[in-house]
Visitor: 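Attaching a single structure in structure tokens format; questions to follow.
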Protein chains: 2
Amino acid sequence: MTVSPSASRDMASSRIFETLKQDLIRGRFAAGEKLAISALKDHYRVGLSPLREALNRLAAYGLLEQVNQRGFRVPAMRLEELDDIAGLRTQLECMALTQAFQAGDPEWESQLLAAHHRLRRADEHPDRVEEWEQAHLRFHRALLASCGSHWLLRFIEQLHDQFDRYRRLAPPNPAVREVLDRQHGELVELALSRDIAAARALLDDHIRLSHGVARGCCQPAPPDSAV
Amino acid sequence: MTVSPSASRDMASSRIFETLKQDLIRGRFAAGEKLAISALKDHYRVGLSPLREALNRLAAYGLLEQVNQRGFRVPAMRLEELDDIAGLRTQLECMALTQAFQAGDPEWESQLLAAHHRLRRADEHPDRVEEWEQAHLRFHRALLASCGSHWLLRFIEQLHDQFDRYRRLAPPNPAVREVLDRQHGELVELALSRDIAAARALLDDHIRLSHGVARGCCQPAPPDSAV
DNA sequence: TGAATATAAAAAATCGATTTTCTTGAGATG
DNA sequence: CATCTCAAGAAAATCGATTTTTTATATTCA
């Protein structure tokens, strides 16, 4: 987030922040679960201070909730919130897309092509999920990177993380996945030809499809009487 | 036993977070300044741990920057960033306004009227700046409160805080201020009559005017050769 | 002289221990 | 039998001290 890029010499709090962030997005904790701080401390082999600093950052980022004197919990997952996230993501990304197409230069085009190539390579290895996830995130980043608004990109990134938390919990849908993969290539084409209207429509559809899949993460809440 | 209003029940880290947040927005620290942690500790009379947790939250929120092993600094103020913030604020607030008008119910109308009344009362006391600032923030919150998107409101709040950091540093402009105050009342009228198009135009203008005033915060950087 | 290096002082980050607050459940009360 | 009280245990929050890293200053060497 705000920590400077140098990777290896990172502070313990930044390392544990990144690790926890990924684990939260990957769904390694149950929604609504209360985090036992000393258990985390043992599991991740970090001290209390860096751990607590990371938890505080995650709470400010929206991947954790902090309750007054009773620690941190994983936010509940509600269909209503997923819809909110997806809807807003659509609007913000379409906004950024327009600006990115208008301001995009050859360097942006190159980076986009490169990111797309990496994503296609990752498509070929269905077993290496984390590599694909990273390539996918970077592709969407590259698509909007030239939009010129630091704050817009920041919010989009945050929404993307929130969205993925839901999507990753949903059962995979190979048929839709195939369409989504194809759309990435089409987005690149439209980017190169600067076809804003078509690209917006496609991106809207892309997110809508992905949203539909992600909705599978919440089964309808059973009435209280059920076992 | 007299339980003082929840505030004292808060954790030290939350109290110092709020205090620091306000002081940052009010411009009590110079832009670009490096924060000396132990000085803050003495000044605010808090321990190191709660202080560091608050600083971490503020960095995640965007009111501080954290540099790898060299602590926290106040973000620089750049005209370019103010323009980004104002532009995005306009787009997000207009988006929220539309949804708020569509979903607004009588309770929302009441709260908006109440917030506006408090703001007008605060207008009458030009000496009590902080009261006005709070009433103003709450008015704008009330205007959009019924929009139904938790995440949109969250981002708008964040942008508002960023924007105010610039605006509060700029020299006051009584002429523009008078127009801005009048616009608050007009926004209420348009809210009650659900005139979305007119309200969007007015809100756009409202932010544009305020943006113009806020721009006075950065005097053009003198060339290096100057004394 | 000027670049490079060593070193002392300062600041940040982290650790281990202490204090505070919540939670649980046994026993008292109505 | 349900509710309330209170102490013991668990967990969170905070403190004080230590370790690590940076910064400033002085010194050496070409």
Side-chain angles (χ1 to χ4, degrees), chain A residues 1-21 23-24 29-30 32-61 63-76, chain B residues 1-21 23-24 29-76:
Chain A
M1 179 161 318
T2 32
V3 172
S4 75
S6 66
S8 57
R9 273 303 211 197
D10 270 355
M11 301 179 294
S13 65
S14 299
R15 285 201 307 272
I16 184 62
F17 170 84
E18 288 299 336
T19 308
L20 266 172
K21 179 180 165 186
D23 285 352
L24 284 162
F29 300 95
E33 177 182 351
K34 177 166 162 17
L35 295 185
I37 296 192
S38 75
L40 292 179
K41 186 173 98 69
D42 298 341
H43 180 64
Y44 291 104
R45 311 289 182 75
V46 288
L48 206 54
S49 313
L51 175 59
R52 285 191 60 91
E53 291 186 11
L55 293 173
N56 273 277
R57 282 198 245 172
L58 286 164
Y61 189 67
L63 279 171
L64 283 179
E65 286 168 0
Q66 188 165 20
V67 209
N68 212 326
Q69 305 267 12
R70 58 208 80 155
F72 298 84
R73 66 175 61 250
V74 181
Chain B
M1 313 308 129
T2 45
V3 177
S4 50
S6 73
S8 62
R9 272 311 224 196
D10 275 354
M11 299 180 295
S13 65
S14 298
R15 284 201 308 271
I16 185 61
F17 171 83
E18 288 300 335
T19 307
L20 266 171
K21 180 178 164 187
D23 285 352
L24 284 162
F29 299 95
E33 176 182 352
K34 176 166 163 12
L35 294 185
I37 296 192
S38 74
L40 292 180
K41 186 172 96 70
D42 298 340
H43 180 63
Y44 292 103
R45 312 286 182 77
V46 287
L48 205 52
S49 313
L51 176 58
R52 285 191 61 90
E53 291 186 11
L55 293 173
N56 273 278
R57 282 199 245 170
L58 286 164
Y61 189 68
L63 279 171
L64 284 179
E65 285 168 2
Q66 188 167 19
V67 213
N68 213 325
Q69 306 265 15
R70 65 212 69 157
F72 298 84
R73 67 175 61 248
V74 181

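Throughout, a chain's letter reflects where its sequence line sits, starting with A, and its residues are numbered from 1.
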Visitor: Does B:Ser13 place a side-chain N or O at less than 4.0 Å from the phosphate oxygens OP1/OP2 of D:dT14?
Guide: yes
Visitor: Check whether any side-chain N or O of B:Ser38 sits under 4.0 Å from OP1 or OP2 of C:dA12, and answer yes or no.
Guide: no
Visitor: Using the side chain to side chain contact (heavy atoms under 4.5 Å, CB included) rule, pick out the option among A:Leu63, A:Leu64, A:Leu51 that qualifies with A:Leu20.
Guide: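 Among A:Leu63, A:Leu64, A:Leu51, the one meeting side chain to side chain contact (heavy atoms under 4.5 Å, CB included) with A:Leu20 is A:Leu51.
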Visitor: If you find the nucleotide of DNA chain C closest to A:Leu48 and the one closest to B:Arg70, which residue's nucleotide is nearer the 5' end?
Guide: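 It is B:Arg70, whose closest nucleotide lies nearer the 5' terminus.
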Visitor: Nearest whole angstrom, please: distance from the P of C:dA12 to the CD of B:Glu65.
Guide: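 So the two atoms are 16 Å apart, to the nearest Å.
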Visitor: How many Å lie between CZ on A:Arg15 and P on D:dT20, as a whole number?
Guide: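 Taking CZ of A:Arg15 and P of D:dT20, I get 13 Å after rounding.
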Visitor: Whole Å only: how far is the CD atom of B:Glu53 from the C1' atom of D:dA12?
Guide: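 My rounded result for the distance is 10 Å.
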Visitor: Looking at C:dT21, C:dG16, D:dT14, which one has an atom nearest to any side-chain atom of B:Pro50?
Guide: D:dT14
Visitor: Using whole Å, report how far CG of B:Leu55 lies from P of C:dA11.
Guide: 16 Å
Visitor: When the nearest nucleotide of DNA chain C is assigned to B:Leu35 and to A:Gly47 on a heavy-atom basis, which residue is associated with the more 5' position?
Guide: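 Closest to the 5' end, via its nearest nucleotide, is B:Leu35.
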Visitor: Please report the distance, rounded to the nearest Å, between CD1 in B:Ile16 and C1' in D:dC15.
Guide: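 Rounded to whole Å, this separation is 16 Å.
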Visitor: Could you work out which one of C:dA13, D:dA12, C:dG16 sits closest to the side chain of A:Ser49?
Guide: C:dG16
Visitor: Just distance, no hydrogens or angles: give the donor-acceptor pairs under 3.5 Å from side chains in residues 32-49 of chain B, sequence neighbours left out.
Guide:
unit_1  : atom_1 : unit_2  : atom_2 : d
B:Glu33 : OE1    : B:Ala30 : N      : 2.8
B:Tyr44 : OH     : B:Asp23 : OD2    : 2.7

Visitor: Can you tell me the distance, in whole Å, between the CG atom of A:Asp42 and the C1' atom of D:dA11?
Guide: 13 Å
Visitor: Nearest to the B:Gln69 side chain among D:dT14, D:dT22, C:dC22, which nucleotide is it?
Guide: D:dT22
Visitor: Compare side-chain N and O positions of B:Lys41 against OP1 and OP2 of D:dC15 and report whether any pair is under 4.0 Å apart.
Guide: no
Visitor: Quick one: closest heavy-atom pair of B:Asn68 and A:Met11, and the distance?
Guide: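 For B:Asn68 versus A:Met11, the nearest heavy atoms are O-SD, 2.9 Å.
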Visitor: Find the distance A:Arg52:CZ to C:dT20:P and express it as a whole number of Å.
Guide: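 After rounding, the gap between these two atoms is 16 Å.
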Visitor: Give a yes or no on whether the backbone of B:Glu53 and the side-chain of A:Arg52 come within a donor-acceptor separation of less than 3.5 Å.
Guide: no
Visitor: Check this one for me: any side-chain N or O of B:Lys34 less than 4.0 Å away from OP1 or OP2 of C:dA11?
Guide: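 So the side chain of B:Lys34 is outside the cut-off, no N or O lying under 4.0 Å from OP1 or OP2 of C:dA11.
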Visitor: For B:Asn56 and C:dA12, give me the distance from atom CG to atom P, rounded to whole Å.
Guide: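 Taking CG of B:Asn56 and P of C:dA12, I get 13 Å after rounding.
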Visitor: Looking at residues at least two apart in the chain, or sitting in another chain, which of them share a side-chain hydrogen bond (donor to acceptor under 3.5 Å, both in side chains) with B:Arg57?
Guide: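 Applying side-chain hydrogen bond (donor to acceptor under 3.5 Å, both in side chains) to B:Arg57 gives A:Asn56, B:Ser13, B:Ser14.
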